[in-house]
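Structure first, then comments.
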Amino acid sequence: MTSFISSTRGIPANAVVPRHVAVIMDGNGRWAKKRFMPRIAGHKQGLEAVRETVKSCIELGVEYLTLFAFSSENWRRPVEEVSMLMQLFMLALEREVAKLHQNGVRLKVIGDLSRFDDKLIRMIEQAEAKTSENTKLTLTIAANYGGRWDILQAVQTLLREKPEKALVFSEEDFAPYLSLHYAPEPDLFIRTGGEQRISNFLLWQLAYTELYFTDTLWPDFDRKALERAFDSFRQRERRFGRTSEQLKADA
Ligand code: IPE
Ligand code: IPE
Ligand code: MG
């Protein structure tokens, strides 16, 4: 298994273009409301923004893109909205996977899939298998995902597989069991829609990620908006606990 430098155990390399971008795609409902349309129309338009973002990330040289599509708390929404979101997810898999594959995208889905219906689970497995050898971009969709769920399932799996670690285990023992073990920690986190919170997204992995919040609603998030986020990222000084002087001395 590939392993990546942990931001708390070492110093990850600094890149001009973020290697891993993680996005909370928020604001679909408000986008629709502003247009006197049903919320689902906002989600549909949001899918267009996903397409454009994937394309831009490939062009800009991003290696990992992780999108929060449905949180473990989103089941609290009205049943009609939840069921329409599931249908949209299936439709998107049906329509997009061939094109993603052509473009060299490896698709991964993380989250507690046990609550999804069998048809959706099978579609996810097939899409992951079909694209597993692709190397251009790893696109991860977080669906029924929660950061706390992820940490708990990782601890539980670790203890099941290595009961001898029950009393003492290290970051290196634990990290391989997280859902995103195949990706480096995100360099850049983007949340659209104006809220400034993590909403139980990647709690472990965001330890040293640069956070970027924008009022742009997700369906309006385009190439320009992505480039603005990247511009902001480029101006950050990623110190990982060190002083600015130390960074300059190393450069
Ligand atoms: C994000 O948009 C998409 C999902 C959570 C599925 P919202 O549906 O949360 O849109 P707002 O926040 O109500 O505008
Ligand atoms: C976060 O958005 C989850 C996704 C975008 C999938 P929410 O709209 O559910 O977050 P809160 O409820 O405003 O924190
Ligand atoms: Mg929202």
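Numbering of ligands and ligand atoms starts at 1, following listing order.
Closest to atom 10 (O) of ligand 1, if we only count protein heavy atoms, is G29 N, 2.9 Å. Nearest protein neighbour of atom 7 (P) of ligand 1, counting heavy atoms only, is D26 OD1, 3.5 Å. The protein heavy-atom contact nearest to atom 12 (O) of ligand 2 is R197 NH2, 4.5 Å. Counting only heavy atoms of the protein, atom 13 (O) of ligand 1 lies nearest to R39 NH2, 3.0 Å. In terms of protein heavy atoms, atom 6 (C) of ligand 1 is closest to A69 O, 3.3 Å.
A cation-pi arrangement is absent between K162 and F169 under the rule of less than 6.0 angstrom and at most 45 degrees off the ring axis.
Using cut-offs of 30° and 60° on the angle between ring planes, the pair F70 and W75 is perpendicular.
Between R77 and ligand 2 there is a heavy-atom distance shorter than 4.0 Å. At least one heavy atom of G27 sits less than 4.0 Å from an atom of ligand 1. Not a single heavy atom of K33 sits less than 4.0 Å from an atom of ligand 1. Ligand 2 does not have R30 within reach: every non-hydrogen atom of the residue lies 4.0 Å or more from it.
Expressed to the nearest 0.5 Å, how far NZ of K119 lies from CE of M86 amounts to 14.0 Å. Note: W149 CH2 to S71 OG = 13.0 Å, rounded to the nearest 0.5 Å. Taken to the nearest 0.5 Å, the OH atom of Y145 stands 3.5 Å off from the CG atom of D150.
K99 has a carboxylate O that lies under 4.0 Å from a charged side-chain N of E96, or vice versa, which qualifies the two as a salt bridge. Using a 4.0 Å cut-off between a side-chain N of Lys or Arg and a carboxylate O of Asp or Glu, R234 and D231 qualify as a salt bridge. Between R51 and E48 there is a salt bridge, since a side-chain N of the basic residue sits under 4.0 Å from a carboxylate O of the acidic one.
With a heavy-atom cut-off of 4.0 Å, F70 touches ligand 2 through its backbone alone.
When the heavy-atom distances from atom 2 (O) of ligand 2 to M25, E195, R191 are ranked, the shortest goes to R191.
For E171, the CD atom counts as densely surrounded, since its 6.0 Å shell holds more than 12 non-hydrogen atoms of other residues, nucleotides or ligands.
Inclusion of N74 in the set of residues having an N or O under 3.5 Å from an N or O of ligand 1 is not warranted.
Screening the protein for N, O or S atoms under 2.8 Å from the Mg ion (ligand 3) yields 1; no waters enter the count.
Donor-acceptor pairing under 3.5 Å is recorded for the side chains of S199 and R191. No hydrogens or angles considered: nothing links the side chains of R228 and S232 as a donor-acceptor pair under 3.5 Å.
Listed by chain and residue number, E237, K248 satisfy the side chain to side chain donor-acceptor pair (under 3.5 Å) test with S244 (two or more places apart in sequence, or in another chain).
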